[in-house]
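This report concerns only the one structure given below.
Side chains are part of it too, since the values below use all heavy atoms of this structure and drop only hydrogens, waters and symmetry mates.
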Amino acid sequence: MDDISNAIILLVRVGAVARFVYCLVRLTAAEEQAAQYKKRARNTVIFYIIAESIWQIKDLILYYYS
């Protein structure tokens with residue numbers, strides 16, 4: 001179970017970084033859609049912060065009750 005959890009965390013991290021880099025690359029290439037890609041990059045960062053927070057809260061709860 002712990003291995004699956006670590007794999008999911010790794011996938012979320014890699015996916016968020018890849019999405020952020022993609023948005024930055026598209027931001028430089030598509031000037032007419034710059035606002036859209038800025039918003040997507042910001043949403044990716046917010047998603048990453050929330051996802052990491054969820055995993056940290058899960059670890060705290062498991063540590064507290066174990």
Side-chain angles (χ1 to χ4, degrees):
M1 189 67 166
D2 194 41
D3 292 337
I4 294 172
S5 176
N6 288 335
I8 291 172
I9 292 170
L10 181 66
L11 286 174
V12 166
R13 289 177 180 165
V14 170
V17 169
R19 176 71 174 175
F20 185 75
V21 170
Y22 172 77
C23 287
L24 291 181
V25 169
R26 293 295 297 169
L27 183 66
T28 59
E31 294 177 10
E32 65 276 355
Q33 296 176 340
Q36 180 181 9
Y37 283 108
K38 282 182 187 177
K39 186 175 180 181
R40 287 181 181 174
R42 184 179 61 89
N43 288 342
T44 302
V45 171
I46 291 170
F47 164 76
Y48 179 72
I49 291 170
I50 292 171
E52 285 293 323
S53 297
I54 290 170
W55 290 112
Q56 295 304 318
I57 291 170
K58 178 199 71 98
D59 289 340
L60 284 172
I61 290 171
L62 289 177
Y63 175 75
Y64 183 74
Y65 288 112
S66 296

Rounded distance [0.5 Å steps], CD in Glu52 versus CH2 in Trp55: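 Output value for this atom pair is 9.5 Å.
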
All N/O donor-acceptor pairs, side-chain side in residues 35-45, below 3.5 Å, sequence neighbours left out:
{"unit_1": "Tyr37", "atom_1": "OH", "unit_2": "Arg26", "atom_2": "NE", "d": "3.4"}
{"unit_1": "Asn43", "atom_1": "ND2", "unit_2": "Lys39", "atom_2": "O", "d": "3.4"}
{"unit_1": "Thr44", "atom_1": "OG1", "unit_2": "Arg40", "atom_2": "O", "d": "2.8"}

message: Which Ile, Leu, Val, Met, Phe, Trp or Tyr residues join Ile61 in one cluster when any pair of side-chain heavy atoms under 4.5 Å counts as a link?
response: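 Members other than Ile61 - counting any ILVMFWY side chain reachable under 4.5 Å - are Ile57, Tyr64, Tyr65.
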
query: Hydrophobic cluster mates of Val14, side-chain heavy atoms under 4.5 angstrom, ILVMFWY only, any path?
result: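 Other cluster members: Leu10.
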
Cluster check Leu24, Tyr22: I/L/V/M/F/W/Y, side chain < 4.5 angstrom: yes

- prompt: How far apart are the C-alpha atoms of Ser53 and Ile49, what are their side-chain angles, what is the distance that settles it, and do they pass the side chain to side chain contact (heavy atoms under 4.5 Å, CB included) test?
  reply: CA-CA 6 Å; Ser53 297; Ile49 291 170; 4.3 Å; yes

message: Could you tell me if the side chain of Val12 sits less than 4.5 Å from the side chain of Phe47, heavy atoms only?
response: yes

